[in-house]
Amino acid sequence: MTSTATLPAETSVPPEQGRDRHARRFGLPVATCLVMGNIIGGGIFLLPASVAPFGTISLVAFAVLTLGAIALALVFGRLAERHPQTGGPYVYARAAFGDFAGFLAAWSYWITAWVSNAALAVAAVGYLTVLFPAAGEHKWSMCLAALAVQWLPALANLAGTRYVGAVQVVATVLKFAPLLLVAVGGLFFFDPANLGPFRATDQSAAGAVSASAAILLFSYLGVESATVSAGEVRDPARNVGRATVLGTVGAATVYLLGTVAVFGLVAHDRLVSSTAPFTDAVNAMFGGTWGGTVVACAAVVSMLGALNGWTLLSAQTPYAAAKDGLFPKVFGAKKRGVPVVGVIVTVALASALTVYNYTAGAEGVFESLVLITTFTATVPYLLATAAQIHFLLSGQRDRVHPGRLARDGILAALAFGFSMWLVAGSGYAAVYQGVLFLFAGVLVYAAMSARKHRAAASPAE
């Protein structure tokens, strides 16, 4: 018989946070902004140039990936209806397969969060040097800038969920203004002659789609954002699923329209070698060279917004696991609606990795760590979709909707396949090293489960 875990009453739905003026439950708009802001970081500003070498066939890969991401979002929405607790994939994996699977989901998600935060900060500094060239003159000034980029969102988080939501809404609006300018306005300047060949390589159609998909696969990481913070969302059984789907569809729309617009604004031979495709697109629309400043500002705002959201998520999963005795107890303390220790520890680890990146001088080490997170991020996806399949096949009527059984089964199978595709796209080296990172957590689990066992047995002694 499959071992399942009973969710404690404490983790089901937290009490309303209105008693603390710094804590506020997220409504549907803020939860949607959290999803969109976390999916869209800084990568969108390079995506068109990254896939241009494959030709416009890369848009086919984009469409296929979008369908997979929406299927994953719908599965998360279904799971959130039955399990509206903070923790998202951790909660679903633990409910279906027990403590160990839940811990693996929490551990891998936590690794993903703090390593990715360091990467986002380093990338943001690259755009900051466009606005403030003096910041890029010395590695220590760049390091300090990267640390500031991490700690400013962390301070917003420590101020309370009320401010996290406000920052997320403002950042989403500011980042989307220039993106929509290109995505929608660029269609009026669209020139089909710029598109270039449908297949620009000697690969087969299937090979070209797979190759471009490998680059695009990780553009949708973050679809789980609302589920991880479900405990901070008002009426989570209703709003988490809606926010997940709306946020994913919104991000997909901006991705697809933006890429199509850039393809039609910048000549293919120039786009292939472009280091700032959205800058080139803005310059093609209006002339001049001011596009670089606009895009740099948008990129910095985009990544600050992503860091704001990811900092919250990086603390939420350890919080949920700590409440169940699977992470150190200190991670389970909240203040102003935010797991304070989780935020501080996560930003401290990300800061240490950032300093190491600027001082060690070891080529490729930081890039390898970032690539590993593309594998660790998919572990919770696989476990969560497998949990949904488990609930559907095991006849647990309290966790499934009988009238939607066939449709939910198809969606879960598509989402599981999409998650497997994410793993395959991360590459052999990333999977190998990611498994080592994942299994390093087994020692932590052994210590925490032993402590939990002793605590449970002590009253009987």
Side-chain angles (χ1 to χ4, degrees), residues 39-73 179 182-183 186-187 190-223 248-249 251-281 284 367-368 370-371 373-375 377-378 381-382 413-432 434:
I39 291 176
I40 300 179
I44 187 174
F45 296 96
L46 292 175
L47 272 180
S50 299
V51 297
F54 301 100
T56 52
I57 195 172
S58 57
L59 297 176
V60 176
F62 234 140
V64 173
L65 289 172
T66 298
L67 292 176
I70 292 174
L72 186 60
L179 290 175
V182 175
L187 298 178
F190 191 90
D191 184 357
N194 289 329
L195 290 176
F198 180 67
R199 275 196 351 238
T201 66
D202 296 331
Q203 296 171 291
S204 64
V209 169
S210 295
S212 53
I215 297 173
L216 299 169
L217 279 171
F218 313 109
S219 304
Y220 287 107
L221 294 181
V223 298
T248 303
V249 170
T253 301
V254 173
Y255 275 155
L256 206 51
L257 285 179
T259 303
V260 170
V262 172
F263 273 21
L265 287 168
V266 183
H268 180 261
D269 56 347
R270 184 182 175 192
L271 183 60
V272 169
S273 58
S274 175
T275 57
F278 274 81
T279 295
D280 295 336
E367 290 77 6
S368 297
V370 172
L371 188 60
T373 65
T374 61
F375 165 73
T378 60
Y381 293 177
L382 283 169
L414 289 174
F416 188 85
F418 176 69
S419 301
M420 286 295 292
W421 196 9
L422 285 170
V423 172
S426 60
Y428 293 109
V431 172
Y432 169 73

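What you are looking at is a predicted structure, and each value in this text was computed from that prediction instead of being measured.
- Counting heavy atoms from C-beta outward, Phe375 and Val423 have side chains that approach closer than 4.5 Å.
- The OH atom of Tyr255 sits 10.0 Å away from atom OG1 of Thr66, with the distance rounded to the nearest 0.5 Å.
- Between Phe418 atom CZ and Leu382 atom CG the span is 11.0 Å, to the nearest 0.5 Å.
- Shown here for Leu414 and Ala71, the closest heavy-atom pair between the two residues is CB-CB, 4.1 Å.
- Between Ala261 and Val182, the shortest heavy-atom distance links the atoms CB-O, 3.2 Å.
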Going by atom type alone, with no hydrogens or angles, which donor-acceptor pairs under 3.5 Å involve a side-chain atom of residues 195-207 and a protein atom two or more places apart or on another chain?
residue : atom : partner : partner atom : Å
Arg199  : NE   : Gln203  : O            : 3.3
Thr201  : OG1  : Gln203  : N            : 3.4
Thr201  : OG1  : Gln203  : OE1          : 3.2
Ser204  : OG   : Gly207  : N            : 3.1

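- The side-chain contact (heavy atoms from CB on, under 4.5 Å) test applied to Val249 returns Ile70, Val245, Thr253, not counting sequence neighbours.
- Residue pairs that meet the salt bridge (Lys or Arg N to Asp or Glu O under 4.0 Å) test with at least one member in residues 252-272, sequence neighbours left out, are Arg270-Asp280.
- Scored by the side-chain contact (heavy atoms from CB on, under 4.5 Å) test, Ala183 finds Leu257 as partners (sequence neighbours excluded).
- Contact annotation: the side chain of Ser419 approaches that of Leu72 to within less than 4.5 Å [non-hydrogen atoms, C-beta and beyond].
- Side-chain contact between Phe190 and Leu265: absent, with no pair of heavy atoms (C-beta onward) separated by less than 4.5 Å.
- Taking both residues in full, the closest heavy atoms of Val266 and Ala281 are given as CG2-N, 3.8 Å, listed atom of the first, atom of the second, then distance.
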Atom pairs and distances, donor-acceptor, side-chain atoms in residues 47-64, under 3.5 Å, two or more places apart:
residue : atom : partner : partner atom : Å
Ser50   : OG   : Leu46   : O            : 3.0
Ser58   : OG   : Gly55   : O            : 2.9

